[in-house]
Colleague: 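The structure under discussion is supplied below as structure tokens; questions concerning it will follow.
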Amino acid sequence: MAAAAARVLPKAVTFVTGNAKKLEEVRAILGSSIPFQSLKLDLPELQGEPEDISKEKARMAASQVNGPVLVEDTCLCFNALKGLPGPYIKWFLEKTGHEDKSAFAMCIFSLALGPGEEPITFVGKTAGKIVPARGPADFGWDPVFQPDGFDQTYAEMPKSVKNQISHRGKALALVKEHFAAANYKVQNNESA
Ligand SMILES: O=c1[nH]c(=O)c2ncn([C@@H]3O[C@H](COP(=O)(O)OP(=O)(O)OP(=O)(O)O)[C@@H](O)[C@H]3O)c2[nH]1
Ligand SMILES: [Mg+2]
């Protein structure tokens, strides 16, 4: 019996983000494994469960792009605060006496093949702890997150090492597996 026909996409997948540092990492991690173009859009910052936020971002992006999109939502979550995500990090570090500085970085990619299509999610998590800042401060909380098994923070390690072990690297490994299995065909390959 012949294999199921590959799904034809009207154009290459667009990775939508307003964050240049994310785009830099996604490019480095994906290389030429998945042909994609990118678009800088400031999507609304939604509230809710990380997976729902990521899916909703994908729905909004797919309707704006009118085609297949990939988006991601990232958070740094503290085990001491039952996984409460990111924005309270400064307060957490300076004002709280929590003994438990363990945390995890989580990245949830969502792929929507077009407007109105249910997004598929890919989750990557890296466990570590929150430490006083070390290393270059050009990407969010990289200086204060030290992954388990390493004596450097994300900011201190070479990019190639971060990308191999990071929340983003792990989630993108799943995205790559999905693309390899799905074998999408792009109708009008005008991606760069
Ligand atoms: O130190 C970091 N290392 C990382 O690997 C990383 N990934 C994301 N972030 C930051 O975490 C917040 C998430 O927000 P976020 O997912 O909504 O992203 P964003 O709003 O910047 O872009 P986007 O939503 O347009 O894609 C933003 O402040 C990002 O700068 C990171 N910080
Ligand atoms: Mg955002």
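Just so you know, ligand 1 is whichever comes first in the structure, and atom 1 is the first atom listed for that ligand. We number each residue from 1, following the sequence as shown.
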Colleague: Quick one: nearest non-hydrogen protein atom to atom 9 (N) of ligand 1, plus distance?
Modeller: Phe139 CE1, 3.7 Å
Colleague: Using a plain distance cutoff, I'd like to know if Leu41 has any nitrogen or oxygen under 3.5 Å from a nitrogen or oxygen of ligand 1.
Modeller: no
Colleague: Around atom 7 (N) of ligand 1, find the nearest protein heavy atom and jot down its residue, atom name and distance.
Modeller: Arg168 NH2, 2.8 Å
Colleague: Check whether the side chains of Gln152 and Arg134 place a donor and an acceptor atom closer than 3.5 Å, and report yes or no.
Modeller: no
Colleague: Considering only protein heavy atoms, which is closest to atom 10 (C) of ligand 1, and at what distance to one decimal place?
Modeller: Trp141 NE1, 3.7 Å
Colleague: Do Thr121 and Glu51 have side-chain atoms, one donor and one acceptor, less than 3.5 Å apart?
Modeller: yes
Colleague: When you measure from the side chain of Lys125 to the backbone of Phe104, do you find a donor-acceptor pair of N or O atoms at a distance under 3.5 Å?
Modeller: no
Colleague: Identify the protein heavy atom lying closest to atom 23 (P) of ligand 1, giving its residue, its atom name and the separation to 0.1 Å.
Modeller: Thr17 OG1, 3.4 Å
Colleague: Among all protein non-hydrogen atoms, which one is nearest to atom 20 (O) of ligand 1, and what is the separation to 0.1 Å?
Modeller: Glu45 OE2, 2.9 Å
Colleague: Carefully, step by step, assess Lys21 and Glu24 under the rule salt bridge (charged side-chain N to carboxylate O under 4.0 Å, His left out).
Modeller: CA-CA 5 Å; Lys21 299 300 288 184; Glu24 203 178 282; 3.5 Å; yes
Colleague: If we only count N/O pairs under 3.5 Å, is Gly18 in contact with ligand 1?
Modeller: yes
Colleague: Which heavy atom of the protein is the closest neighbour of atom 21 (O) of ligand 1, given with residue, atom name and distance?
Modeller: Asn19 ND2, 2.8 Å
Colleague: Does an N or O from Tyr154, backbone or side chain, lie closer than 3.5 Å to an N or O of ligand 1?
Modeller: no
Colleague: With the Mg ion (ligand 2) as the point of reference, which N/O/S atom of Glu45 is the closest?
Modeller: OE2
Colleague: List the steps and the verdict of salt bridge (charged side-chain N to carboxylate O under 4.0 Å, His left out) for Lys162 and Asp142.
Modeller: CA-CA 10 Å; Lys162 178 190 173 190; Asp142 268 6; 3.0 Å; yes
Colleague: Near Glu49 CD, under 6.0 Å, is it more than 12 heavy atoms from other residues, nucleotides or ligands?
Modeller: no
Colleague: Hey, is ligand 1 close enough to Lys22 that some N/O pair sits below 3.5 Å?
Modeller: yes
Colleague: Could you walk me through whether Asp148 and Lys129 satisfy the salt bridge (charged side-chain N to carboxylate O under 4.0 Å, His left out) test, starting with their C-alpha distance in whole Å, then the side-chain angles of each, then the deciding distance to 0.1 Å, before giving a yes or no?
Modeller: CA-CA 7 Å; Asp148 288 346; Lys129 63 181 178 203; over 6 Å; no
Colleague: Any sub-3.5 Å donor-acceptor pair from Lys176's side-chain atoms to Ile29's backbone N or O?
Modeller: yes
Colleague: Taking only heavy atoms of Lys162 into account, list the atoms of ligand 1 that are under 4.0 Å away from them.
Modeller: 3 (N), 4 (C), 5 (O)
Colleague: Where's the contact between Lys40 and ligand 1, heavy-atom distance under 4.0 Å: side chain, backbone, both or neither?
Modeller: neither
Colleague: Which of the atoms of ligand 1 are close to Gly140, meaning less than 4.0 Å from one of its heavy atoms?
Modeller: 1 (O), 32 (N)
Colleague: Are there more than 12 heavy atoms of other residues, nucleotides or ligands under 6.0 Å from atom CD of Gln164?
Modeller: no
Colleague: Heavy-atom distance from atom 18 (O) of ligand 1 to the protein below 4.0 Å?
Modeller: yes
Colleague: Tell me whether ligand 1 is touched by Asp73 - counting only heavy atoms on the residue side and a distance under 4.0 Å.
Modeller: yes
Colleague: Whether the side chain of Thr126 engages the backbone of Ile165 through a donor-acceptor N/O pair (distance < 3.5 Å, no angle test) should be reported.
Modeller: yes
Colleague: Which word best sums up how the rings of Tyr184 and His178 line up, parallel for under 30°, tilted for 30 to 60°, or perpendicular for over 60°?
Modeller: tilted
Colleague: In terms of residue, atom name and distance, what is the protein heavy atom nearest to atom 24 (O) of ligand 1?
Modeller: Lys57 NZ, 2.7 Å
Colleague: I need the single residue from Thr17, Val16, Ile53 that forms a side chain to side chain contact (heavy atoms under 4.5 Å, CB included) with Leu43. Which is it?
Modeller: Val16
Colleague: Which heavy atom of the protein is the closest neighbour of atom 13 (C) of ligand 1, given with residue, atom name and distance?
Modeller: Thr74 O, 3.4 Å
Colleague: Could you label the plane-to-plane angle of the His167 and Tyr154 rings as parallel, tilted or perpendicular, counting under 30° as parallel and over 60° as perpendicular?
Modeller: parallel
Colleague: Look only at interatomic distance and state if Asp142 has a nitrogen or oxygen under 3.5 Å from any nitrogen or oxygen of ligand 1.
Modeller: yes
Colleague: Applying a 4.0 Å heavy-atom criterion (strictly less than), which segment of Lys21 is in contact with ligand 1: side chain, backbone, both, or neither?
Modeller: neither
Colleague: Is the closest heavy-atom distance from His167 to ligand 1 below 4.0 Å?
Modeller: yes
